Amino acid sequence: MFIDTHCHLSLEDYDDIDSILADNRSAGIDKIIISGCTKESILESLKYCKKYGDVYATIGYHPSEADITTRVDLEKLEEQIQNDKIVGVGEIGLDYHYGKENSEIQKNLFRKQMQLAEKYHLPVVIHSRDATADTIAILKEFPNVIGDIHCFSGSLETAQIYISMGYKLGIGGVVTFKNSNLFKIIESVGLSNILLETDSPYLTPEPYRGKKNSSKYIPFIANRIAEILSVSVEEVSQKTIENTLSLFDLH
Ligand code: NI
(Lines give C-alpha, C1' and ligand atoms only; values in the text may rest on other atoms or scores of the structure.)
Protein backbone atom coordinates (compact mmCIF):
# COMPACT_ATOMS: atom_id res chain seq x y z
CA MET A 1 0.00 0.00 0.00
CA PHE A 2 1.10 3.51 -0.73
CA ILE A 3 -0.19 7.06 -0.42
CA ASP A 4 0.61 9.66 -3.06
CA THR A 5 0.99 12.79 -0.91
CA HIS A 6 1.04 15.27 -3.77
CA CYS A 7 -0.46 15.12 -7.24
CA HIS A 8 -2.80 17.06 -9.48
CA LEU A 9 -6.00 15.57 -10.83
CA SER A 10 -7.83 17.45 -13.54
CA LEU A 11 -9.80 16.88 -16.71
CA GLU A 12 -7.29 19.27 -18.28
CA ASP A 13 -4.71 16.47 -18.04
CA TYR A 14 -6.71 13.23 -17.98
CA ASP A 15 -9.69 12.11 -20.06
CA ASP A 16 -11.24 9.80 -17.53
CA ILE A 17 -10.79 10.34 -13.80
CA ASP A 18 -12.68 7.13 -12.87
CA SER A 19 -10.20 4.98 -14.78
CA ILE A 20 -7.16 6.85 -13.39
CA LEU A 21 -8.39 6.09 -9.89
CA ALA A 22 -9.18 2.46 -10.76
CA ASP A 23 -5.61 2.03 -12.08
CA ASN A 24 -4.24 3.58 -8.89
CA ARG A 25 -6.15 1.09 -6.75
CA SER A 26 -4.88 -1.85 -8.82
CA ALA A 27 -1.32 -0.57 -8.30
CA GLY A 28 -1.80 -0.59 -4.51
CA ILE A 29 -2.30 3.14 -4.08
CA ASP A 30 -4.51 3.35 -1.05
CA LYS A 31 -5.15 7.09 -0.92
CA ILE A 32 -4.08 10.15 -2.87
CA ILE A 33 -3.79 13.75 -1.77
CA ILE A 34 -4.48 15.99 -4.73
CA SER A 35 -3.50 19.62 -4.83
CA GLY A 36 -5.75 22.40 -6.08
CA CYS A 37 -3.68 25.53 -6.47
CA THR A 38 -5.63 27.76 -8.84
CA LYS A 39 -9.19 29.05 -8.47
CA GLU A 40 -10.49 26.46 -10.97
CA SER A 41 -8.45 23.49 -9.73
CA ILE A 42 -9.51 24.18 -6.13
CA LEU A 43 -13.14 23.76 -7.17
CA GLU A 44 -12.34 20.66 -9.22
CA SER A 45 -10.38 19.13 -6.31
CA LEU A 46 -13.27 19.71 -3.91
CA LYS A 47 -15.54 17.93 -6.36
CA TYR A 48 -13.31 14.80 -6.47
CA CYS A 49 -12.92 14.77 -2.68
CA LYS A 50 -16.68 14.62 -2.38
CA LYS A 51 -17.07 11.95 -5.04
CA TYR A 52 -14.23 9.53 -4.16
CA GLY A 53 -13.53 8.09 -0.71
CA ASP A 54 -9.79 7.63 -1.36
CA VAL A 55 -9.20 11.20 -2.59
CA TYR A 56 -8.16 13.95 -0.16
CA ALA A 57 -6.83 17.40 -1.03
CA THR A 58 -4.68 20.27 -0.02
CA ILE A 59 -5.70 23.61 -1.45
CA GLY A 60 -4.03 27.01 -1.63
CA TYR A 61 -2.88 29.54 -4.19
CA HIS A 62 0.37 28.70 -6.00
CA PRO A 63 2.91 31.57 -6.20
CA SER A 64 2.26 31.72 -9.96
CA GLU A 65 -1.25 32.95 -9.05
CA ALA A 66 0.06 35.79 -6.87
CA ASP A 67 -0.73 38.62 -9.29
CA ILE A 68 -4.35 37.59 -9.78
CA THR A 69 -5.37 36.32 -6.34
CA THR A 70 -7.73 38.76 -4.60
CA ARG A 71 -8.83 39.33 -1.03
CA VAL A 72 -12.17 37.76 -1.96
CA ASP A 73 -10.38 34.63 -3.26
CA LEU A 74 -8.60 34.31 0.09
CA GLU A 75 -11.86 34.75 2.02
CA LYS A 76 -13.35 31.98 -0.11
CA LEU A 77 -10.26 29.82 0.53
CA GLU A 78 -10.79 30.23 4.26
CA GLU A 79 -14.27 28.72 3.86
CA GLN A 80 -13.05 25.99 1.51
CA ILE A 81 -10.27 24.72 3.81
CA GLN A 82 -12.83 23.96 6.51
CA ASN A 83 -14.10 21.02 4.43
CA ASP A 84 -13.42 17.67 6.19
CA LYS A 85 -11.40 16.24 3.29
CA ILE A 86 -9.08 19.20 3.04
CA VAL A 87 -6.00 18.01 4.88
CA GLY A 88 -3.63 20.92 4.32
CA VAL A 89 -2.94 24.28 2.70
CA GLY A 90 -0.94 24.19 -0.52
CA GLU A 91 0.87 24.16 -2.67
CA ILE A 92 1.89 27.62 -1.49
CA GLY A 93 5.27 29.32 -1.41
CA LEU A 94 7.66 31.28 -3.60
CA ASP A 95 8.85 30.84 -7.18
CA TYR A 96 11.59 33.14 -8.50
CA HIS A 97 12.43 30.93 -11.47
CA TYR A 98 11.04 33.40 -13.98
CA GLY A 99 12.15 36.48 -12.04
CA LYS A 100 11.67 38.31 -8.76
CA GLU A 101 9.66 41.31 -9.98
CA ASN A 102 6.61 40.39 -7.95
CA SER A 103 8.45 38.84 -5.00
CA GLU A 104 6.72 41.16 -2.50
CA ILE A 105 3.30 40.15 -3.85
CA GLN A 106 4.30 36.47 -3.67
CA LYS A 107 5.55 36.84 -0.09
CA ASN A 108 2.36 38.59 0.91
CA LEU A 109 0.18 35.80 -0.52
CA PHE A 110 2.42 33.15 1.07
CA ARG A 111 2.20 34.78 4.52
CA LYS A 112 -1.59 35.15 4.34
CA GLN A 113 -1.96 31.44 3.57
CA MET A 114 0.51 30.48 6.31
CA GLN A 115 -1.76 32.46 8.67
CA LEU A 116 -4.75 30.40 7.54
CA ALA A 117 -2.83 27.16 8.12
CA GLU A 118 -1.92 28.35 11.61
CA LYS A 119 -5.47 29.42 12.41
CA TYR A 120 -7.00 26.09 11.33
CA HIS A 121 -4.12 23.88 12.56
CA LEU A 122 -3.45 22.52 9.09
CA PRO A 123 -0.09 21.44 7.67
CA VAL A 124 1.24 23.25 4.59
CA VAL A 125 2.60 21.94 1.28
CA ILE A 126 5.42 24.19 0.18
CA HIS A 127 6.46 25.02 -3.36
CA SER A 128 9.86 26.71 -3.36
CA ARG A 129 11.81 27.27 -6.55
CA ASP A 130 14.99 29.35 -6.65
CA ALA A 131 13.77 30.97 -3.43
CA THR A 132 15.22 28.90 -0.56
CA ALA A 133 16.39 31.74 1.72
CA ASP A 134 13.13 33.70 1.52
CA THR A 135 11.05 30.52 1.94
CA ILE A 136 12.92 29.52 5.10
CA ALA A 137 12.64 33.06 6.50
CA ILE A 138 8.86 33.08 6.10
CA LEU A 139 8.42 29.55 7.48
CA LYS A 140 10.38 30.67 10.55
CA GLU A 141 7.76 33.37 11.17
CA PHE A 142 5.28 30.53 11.79
CA PRO A 143 6.95 28.17 14.27
CA ASN A 144 3.62 26.45 15.03
CA VAL A 145 3.08 25.34 11.45
CA ILE A 146 4.59 22.17 9.97
CA GLY A 147 4.32 20.59 6.55
CA ASP A 148 5.78 19.04 3.45
CA ILE A 149 8.52 20.52 1.28
CA HIS A 150 7.00 19.36 -1.96
CA CYS A 151 9.39 18.02 -4.63
CA PHE A 152 12.42 18.77 -2.49
CA SER A 153 15.51 19.69 -4.45
CA GLY A 154 18.34 21.37 -2.66
CA SER A 155 21.42 20.79 -0.60
CA LEU A 156 21.74 18.52 2.40
CA GLU A 157 22.18 21.61 4.55
CA THR A 158 18.85 23.01 3.32
CA ALA A 159 17.18 19.64 3.91
CA GLN A 160 18.44 19.64 7.48
CA ILE A 161 17.13 23.15 8.13
CA TYR A 162 13.63 22.18 6.96
CA ILE A 163 13.71 18.97 9.01
CA SER A 164 14.83 20.83 12.13
CA MET A 165 11.75 23.05 11.68
CA GLY A 166 9.46 19.98 11.65
CA TYR A 167 9.01 19.64 7.89
CA LYS A 168 9.14 16.44 5.82
CA LEU A 169 10.71 16.19 2.37
CA GLY A 170 8.43 15.22 -0.53
CA ILE A 171 10.34 12.84 -2.80
CA GLY A 172 9.10 12.05 -6.30
CA GLY A 173 10.14 10.83 -9.72
CA VAL A 174 13.35 12.87 -9.77
CA VAL A 175 14.92 10.31 -7.41
CA THR A 176 14.80 7.75 -10.23
CA PHE A 177 16.72 9.99 -12.66
CA LYS A 178 20.37 9.08 -13.26
CA ASN A 179 21.67 12.60 -12.60
CA SER A 180 19.71 13.07 -9.35
CA ASN A 181 21.71 13.98 -6.26
CA LEU A 182 18.78 13.08 -3.99
CA PHE A 183 20.31 9.75 -3.03
CA LYS A 184 22.89 11.45 -0.79
CA ILE A 185 20.17 13.42 0.94
CA ILE A 186 17.92 10.39 1.42
CA GLU A 187 20.83 8.35 2.78
CA SER A 188 21.49 11.05 5.29
CA VAL A 189 17.97 12.05 6.42
CA GLY A 190 16.45 8.53 6.42
CA LEU A 191 12.90 7.27 6.00
CA SER A 192 11.45 9.11 8.97
CA ASN A 193 11.75 12.44 7.14
CA ILE A 194 10.36 11.42 3.75
CA LEU A 195 6.97 11.46 2.04
CA LEU A 196 6.24 9.83 -1.33
CA GLU A 197 4.71 11.95 -4.07
CA THR A 198 4.36 11.91 -7.85
CA ASP A 199 3.41 15.54 -8.63
CA SER A 200 1.55 13.93 -11.52
CA PRO A 201 0.91 14.71 -14.33
CA TYR A 202 4.50 16.08 -14.14
CA LEU A 203 7.90 14.54 -13.29
CA THR A 204 7.24 10.94 -14.33
CA PRO A 205 9.71 8.44 -12.81
CA GLU A 206 11.89 6.08 -14.82
CA PRO A 207 11.20 3.88 -16.72
CA TYR A 208 8.29 6.03 -17.94
CA ARG A 209 10.10 9.38 -17.91
CA GLY A 210 8.70 11.60 -20.68
CA LYS A 211 5.20 10.07 -20.52
CA LYS A 212 2.29 11.46 -18.55
CA ASN A 213 2.66 10.75 -14.86
CA SER A 214 0.09 9.18 -12.56
CA SER A 215 -0.09 8.08 -8.92
CA LYS A 216 0.13 4.45 -10.03
CA TYR A 217 3.89 4.97 -10.57
CA ILE A 218 4.57 5.57 -6.85
CA PRO A 219 6.04 2.03 -6.49
CA PHE A 220 8.92 2.99 -8.84
CA ILE A 221 9.81 5.84 -6.51
CA ALA A 222 9.49 3.61 -3.44
CA ASN A 223 11.69 0.94 -5.05
CA ARG A 224 14.46 3.42 -5.74
CA ILE A 225 14.34 4.72 -2.15
CA ALA A 226 14.44 1.14 -0.84
CA GLU A 227 17.51 0.52 -3.02
CA ILE A 228 19.26 3.68 -1.75
CA LEU A 229 18.63 2.80 1.89
CA SER A 230 19.09 -0.98 1.50
CA VAL A 231 15.73 -1.69 3.09
CA SER A 232 12.66 -3.53 1.79
CA VAL A 233 9.95 -1.78 -0.22
CA GLU A 234 7.51 -2.82 2.53
CA GLU A 235 9.54 -0.83 5.00
CA VAL A 236 9.46 2.23 2.73
CA SER A 237 5.72 1.80 2.33
CA GLN A 238 5.06 1.39 6.06
CA LYS A 239 7.23 4.22 7.25
CA THR A 240 6.13 6.76 4.62
CA ILE A 241 2.46 5.93 5.28
CA GLU A 242 3.07 6.48 8.99
CA ASN A 243 4.69 9.86 8.23
CA THR A 244 1.80 10.82 5.95
CA LEU A 245 -1.00 9.82 8.34
CA SER A 246 0.62 11.73 11.14
CA LEU A 247 1.41 14.93 9.20
CA PHE A 248 -1.94 15.21 7.45
CA ASP A 249 -3.96 13.74 10.33
CA LEU A 250 -5.46 11.07 8.08
CA HIS A 251 -6.87 7.77 9.32
NI1 NI B 1 2.50 20.13 -7.69
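Just so you know, these numbers come straight off a predicted model, no measurement behind them. Every number for a ligand or one of its atoms is a count from 1 in the order of the listing. Only heavy atoms go into these numbers, but all of them, side chains included; no hydrogens, no water, no symmetry mates.
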For the residue pair Tyr52 and Tyr48, categorise the inter-ring angle as parallel (less than 30°), tilted (30 to 60°) or perpendicular (more than 60°).
tilted

Please determine if Glu242 and Lys239 form a salt bridge, counting it only when a charged side-chain N lies under 4.0 Å from a carboxylate O.
yes

N, O or S atom within His8 nearest to the Ni ion (ligand 1), by name:
NE2

Angle class for the Tyr217/Tyr208 ring planes (parallel below 30°, perpendicular above 60°, tilted otherwise)?
parallel

Can you tell me if, anywhere in His6, an N/O/S atom lies at a distance from the Ni ion (ligand 1) that is smaller than 2.8 Å?
yes

Is it possible for you to check whether Arg209 lies under 6.0 Å from the centre of the six-membered ring of Phe177, through NZ or CZ, and within 45° of that ring's axis?
yes

Tell me whether His62 has at least one N, O or S atom under 2.8 Å from the Ni ion (ligand 1).
no

Apex the Ni ion (ligand 1); atoms Glu91 OE2 and Asp199 OD1; angle rounded to 10 degrees:
180°

